[in-house]
Colleague: 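Below is the structure I would like to discuss, written out as structure tokens.
We name chains A, B, ... by the order of the sequence lines, and we start the count at 1 in each one.
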Amino acid sequence: MLDLKFVRANLDFVARKQSERGSDIDIESFSSLEQKRRDILQEVEALRSERNTVSKEVGTLKKSGSDAADLIAKMGAVSARIKELEESLKAVEGELHNMMLVIPNIPHDSVPFGRGSEDNPVVRTWGEKPTFDYDPKPHWELGENLGILDFGRAAKIAGARFAVYQGQGARLERALINFMLDLHTEVHGYREVMTPFMVNRESMQGTGQLPKFEEDLFKVSGTNYFLIPTAEVPVTNLHADEIMDEKDLTLKYVSWSACFRAEAGSYGKDTRGLIRQHQFNKVELVKFARPEDSYDELESLTLNAEEVLRRLGIPYQTVTLCTGDLGFSSAKTYDIEAWMPGQEAYREISSCSNFEDYQARRAGIRFRRGDTSKVEHVHTLNGSGLAVGRTFVAVLENFQQGDGSIAVPEVLIPYMNGVDRISLLQ
RNA sequence: GGAGAGAUGGCUGAGUGGCUGAAAGCGAUCGCCUGCUAAGCGAUUGUACGCCCCAAAAGGUGUACCGGGGGUUCGAAUCCCCCUCUCUCCGCCA
């Protein structure tokens, strides 16, 4: 959520920034609603003030045995009026709040203007694409041939967009999770957390999934719980409604979770294989930072995520999302795209964002400065480090061999209990 | 699932209708004192929103907030109702 006072003072700027990301803001109704809120507020506060003063007089009069009937009758009327005003104030504030909740974040100045993903500039490429003396196979063929992936039975027990991992496939998924967690905790200094996979509505609103994107989420029927689409939600909300100590910043968390996405509106996209699933594993990096540090922290967070691919030996490129492709809550986002030989394309494997104070304002995450003891909103950041299912895909497709087996990347061998190749016989 | 108890500031904990934004203690910050440390003395120590002042900061002022929501009353931390969460006991259970 944007700062109400900032929006009020910079309406044209905010509207222009929103249009750059292809979003509209109704300046007129915002202004009139905001003005109305202040008008009512001033009136109701003046009346409350009067009531407070007179009520004290009533107390004094009664104590001294005098008659206060006149004042009491008068205040009865004032209280009734206050009640009326409070109701309309509540209505106006609710409307204004709902309006604020659906205004996306303002892109950072360094975010390039563009209409969509085709306009995202590449900031880095790493690694050499492997060459094959045959047509490299997509992971779903490799996986099913090796008996480590079973989409048919997944469809039988659950439905489309689910997968069953078995044998060395299940082991590989688990190895990737452990490898990533170890790297981020032991080398990059993140603190590991394991959180609930279901959260309440407030948490979803805190990080920006609600109210606007409810159709993308799974709701647990008969409860108020939603399945998390990413560990970003529970981990960021860990500090909701808290005032943090400046000395604890930058606070860095890493969390493995299953992620659940309804994938509404993606019919026909990536219907084969592991790329787009209703449930997948992800290792997520989350940071809470001081405002002046957050853009440096975004750079290091992105590099921390890239390090996973470097150690695995998977080629990738990193792009900056342009204004038209930027996510709702983000001020700036880098996408890391891994090379997938079987699909002959770079595919998104991580998305690293700085939300500035947008989520912090929604969720009430603040910190107190040590020197001035001023309270400010923190900046929140997060990024996949990495999407495990898609990393699984990248390993299969990049390390496939002519005989259909998969060479296990060096760094994963210890996590595979010494197995250095996945082949049919395993 | 059943029975009971509870939720107050950074923490502990008073407070059963007006003198309570909230006692006391602890902690923290600043100052004094002191060979060092400790102790001692003094002061300060919430958040949000509005208005005034204003380049801004600071300041002034008003309102709200004692788990959340609603009600009674001239007036609610305090009385009533609903909800959430925590604790204890019983039952069930990975």
Colleague: Only one of Ile314(A), Val393(A), Leu386(A) passes side chain to side chain contact (heavy atoms under 4.5 Å, CB included) with Ile349(A); say which it is.
Modeller: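 Result for side chain to side chain contact (heavy atoms under 4.5 Å, CB included) with Ile349(A): Leu386(A).
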Colleague: Distance check, C1' atoms only: rG27(B) and rU12(B), in whole angstrom units.
Modeller: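 That atom pair is separated by 10 Å.
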Colleague: Which pair of non-hydrogen atoms, one from Leu142(A) and one from Gly404(A), has the smallest distance, and what is that distance?
Modeller: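 So the minimum-distance heavy-atom pair works out to CD2-O, 4.3 Å.
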Colleague: Whole-Å distance between rU29(B) C1' and Lys374(A) NZ?
Modeller: 18 Å
Colleague: In this structure, how many angstroms lie between the P atom of rU84(B) and the CZ atom of Arg201(A), rounded?
Modeller: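 Rounded to whole Å, this separation is 16 Å.
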Colleague: Whole angstroms only, please: what is the CG-P distance between Asp241(A) and rA48(B)?
Modeller: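 Going from Asp241(A) (CG) to rA48(B) (P), I get 12 Å.
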Colleague: Got a list of protein N/O to nucleotides 92-94 of chain B N/O distances below 3.5 Å?
Modeller:
none

Colleague: Taking pairing as Watson-Crick or G-U wobble with both contacts under 3.5 Å, can you name the mate of rG27(B), or confirm there isn't one?
Modeller: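 Base-paired to rU45(B).
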Colleague: Sort me out a list of protein N/O and nucleotides 50-52 of chain B N/O pairs below 3.5 Å, or just none if empty.
Modeller:
from    : atom 1 : to       : atom 2 : distance (Å)
rG50(B) : OP1    : Arg8(A)  : NH1    : 3.2
rG50(B) : OP1    : Arg37(A) : NH2    : 2.8
rC51(B) : OP1    : Arg38(A) : NH1    : 3.1

Colleague: Kindly give the atom pairs (protein nitrogen or oxygen, nucleotide nitrogen or oxygen) under 3.5 Å for nucleotides 15-22 of chain B.
Modeller:
from    : atom 1 : to       : atom 2 : distance (Å)
rG18(B) : N2     : Ser55(A) : O      : 2.6

Colleague: Under a 3.5 Å cut-off for both contacts, is rU16(B) paired Watson-Crick or G-U wobble with anything, and if yes, with which nucleotide?
Modeller: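 No nucleotide pairs with rU16(B).
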Colleague: Output the distance between atom CZ (Phe392(A)) and atom CD1 (Ile177(A)), rounded to the nearest 0.5 Å.
Modeller: 11.0 Å
Colleague: Does a side-chain N-to-carboxylate-O contact under 4.0 Å join Lys219(A) and Glu214(A)?
Modeller: no
Colleague: Does any nucleotide pair with rG91(B) by Watson-Crick or G-U wobble geometry, both distances under 3.5 Å, and what is it?
Modeller: none
Colleague: Give the ring-plane orientation class for His188(A) versus His184(A), where under 30° counts as parallel, over 60° as perpendicular and anything between as tilted.
Modeller: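 His188(A) and His184(A): tilted rings.
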Colleague: Between rU84(B) atom P and Asn224(A) atom CG, what is the distance in whole Å?
Modeller: 9 Å
Colleague: Heavy-atom count around Arg153(A) CZ within 6.0 Å, excluding the residue itself: above 12?
Modeller: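 No, because the 6.0 Å sphere around CZ of Arg153(A) holds 12 heavy atoms or fewer from other groups.
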Colleague: Expressed as a whole number of angstroms, how long is the span from Asp39(A):CG to rG62(B):P?
Modeller: 21 Å
Colleague: When the C1' atoms of rU61(B) and rG68(B) are compared, how many Å lie between them, rounded to an integer?
Modeller: 30 Å
Colleague: Please state how far atom CD1 in Ile40(A) lies from atom P in rU63(B), giving the value in whole angstrom units.
Modeller: 19 Å
Colleague: Between atom CG in Leu85(A) and atom P in rU63(B), what is the gap in whole Å?
Modeller: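 In whole Å, rU63(B) P and Leu85(A) CG are 16 Å from each other.
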Colleague: Check whether the ring centres of His278(A) and Phe260(A) lie less than 6.0 Å apart, and answer yes or no.
Modeller: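 No.
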Colleague: C1' atom, rG25(B) versus rG13(B): distance in rounded Å?
Modeller: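 It comes out at 8 Å once rounded to the nearest Å.
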Colleague: Is there a donor-acceptor contact under 3.5 Å linking the side chains of Asp26(A) and Ser29(A)?
Modeller: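 Yes - a donor-acceptor pair under 3.5 Å links their side chains.
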Colleague: Roughly how far apart, to the nearest Å, are rA43(B) and rC26(B) at atom P?
Modeller: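 Nearest-Å result for rA43(B) against rC26(B) at atom P: 14 Å.
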Colleague: Taking Glu297(A) as the fixed residue, which of Lys287(A), Lys252(A), His379(A), Arg290(A) is the one that meets the side-chain hydrogen bond (donor to acceptor under 3.5 Å, both in side chains) rule?
Modeller: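 Single side-chain hydrogen bond (donor to acceptor under 3.5 Å, both in side chains) partner of Glu297(A) among Lys287(A), Lys252(A), His379(A), Arg290(A): Lys287(A).
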Colleague: Taking any strand in view, what nucleotide pairs with rG21(B) in a Watson-Crick or G-U wobble way, both distances under 3.5 Å?
Modeller: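 No nucleotide pairs with rG21(B).
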Colleague: Is the His377(A)-Phe288(A) ring centre distance short of 6.0 angstrom?
Modeller: no
Colleague: Who does rG50(B) pair with, Watson-Crick or G-U, both distances under 3.5 Å?
Modeller: rU61(B)
Colleague: Would you check if there is a donor-acceptor pair between the side chains of Asp182(A) and Tyr415(A) at a distance under 3.5 Å?
Modeller: yes
Colleague: Below 3.5 Å, can you tabulate the donor-acceptor pairs from side chains in residues 220-229 of chain A to any protein atom, sequence neighbours excluded?
Modeller:
from      : atom 1 : to        : atom 2 : distance (Å)
Thr223(A) : OG1    : Val220(A) : O      : 2.8
Thr223(A) : OG1    : Tyr225(A) : N      : 3.0

Colleague: It should be established whether Asn52(A) places a side-chain nitrogen or oxygen under 4.0 Å from OP1 or OP2 of nucleotide rG75(B).
Modeller: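 Looking at the OP1 and OP2 atoms of rG75(B), neither is under 4.0 Å from any side-chain N or O of Asn52(A).
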Colleague: Over 60° means perpendicular and under 30° means parallel, so classify the ring planes of Trp256(A) and Phe197(A), tilted if in between.
Modeller: perpendicular
Colleague: Between atom NE2 in His377(A) and atom C1' in rU47(B), what is the gap in whole Å?
Modeller: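 My rounded result for the distance is 11 Å.
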Colleague: Could you measure the distance from the OG atom of Ser329(A) to the CD atom of Gln209(A)? Nearest 0.5 Å is fine.
Modeller: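 So the gap between those two atoms works out to 6.5 Å.
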Colleague: Quick one: look up who rU72(B) pairs with, Watson-Crick or G-U, both distances under 3.5 Å, and put none if it's unpaired.
Modeller: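 Looking at the geometry, rU72(B) pairs with no nucleotide.
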Colleague: To the closest 0.5 Å, what do you measure between CD1 (Ile365(A)) and CG (Asp241(A))?
Modeller: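 Separation between the atoms: 8.5 Å.
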Colleague: Does any nucleotide pair with rU37(B) by Watson-Crick or G-U wobble geometry, both distances under 3.5 Å, and what is it?
Modeller: none
Colleague: Check the surroundings of atom NZ in Lys212(A): do more than 12 heavy atoms from other residues, nucleotides or ligands lie under 6.0 Å from it?
Modeller: yes
Colleague: Could you please name the option among rC74(B), rA64(B), rG62(B) that lies closest to any side-chain atom of Ser49(A)?
Modeller: rG62(B)
Colleague: So what does Val44(A) touch, heavy atoms closer than 4.0 Å: a base, only the sugar-phosphate, or nothing?
Modeller: nothing
Colleague: Taking the P atom of each, how far is rA22(B) from rG10(B), in whole Å?
Modeller: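 Those two atoms are separated by 15 Å.
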Colleague: Does atom CD (Glu246(A)) have a neighbourhood of more than 12 heavy atoms from anything else shown, all under 6.0 Å?
Modeller: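 It does: Glu246(A) CD has more than 12 such atoms within range.
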Colleague: I want to confirm an ordering. Mapping Val375(A) and Ala73(A) to their closest nucleotides on RNA chain B, which one lands closer to the 5' end?
Modeller: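 Going by which nucleotide is closer to the 5' end, it is Val375(A).
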Colleague: List the steps, then state whether side chain to side chain contact (heavy atoms under 4.5 Å, CB included) holds for Gln18(A) with Asp24(A).
Modeller: CA-CA 6 Å; Gln18(A) 295 308 328; Asp24(A) 277 334; over 6 Å; no
Colleague: State the pairing partner of rC85(B); accept Watson-Crick or G-U wobble contacts with both distances under 3.5 Å, and report none otherwise.
Modeller: rG6(B)
Colleague: Please state the P separation for the pair rA64(B) and rG71(B) - nearest whole angstrom.
Modeller: 16 Å
Colleague: Between the protein and nucleotides 69-73 of chain B, which nitrogen or oxygen pairs are less than 3.5 angstrom apart?
Modeller:
from    : atom 1 : to       : atom 2 : distance (Å)
rG70(B) : OP1    : Lys90(A) : NZ     : 2.5

Colleague: Going by atom types alone, do Ser255(A) and Glu284(A) pair a side-chain donor with an acceptor below 3.5 Å?
Modeller: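 No, because no side-chain N or O of Ser255(A) sits under 3.5 Å from a partner of the opposite role on Glu284(A).
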Colleague: Using atom C1' in both nucleotides, what's the gap between rU88(B) and rG9(B) to the nearest angstrom?
Modeller: 27 Å
Colleague: Atom pairs under 3.5 Å, N or O on each side, protein against nucleotides 7-10 of chain B: can you list them with distances?
Modeller:
none

Colleague: Using atom P in both nucleotides, what's the gap between rG91(B) and rA14(B) to the nearest angstrom?
Modeller: 33 Å
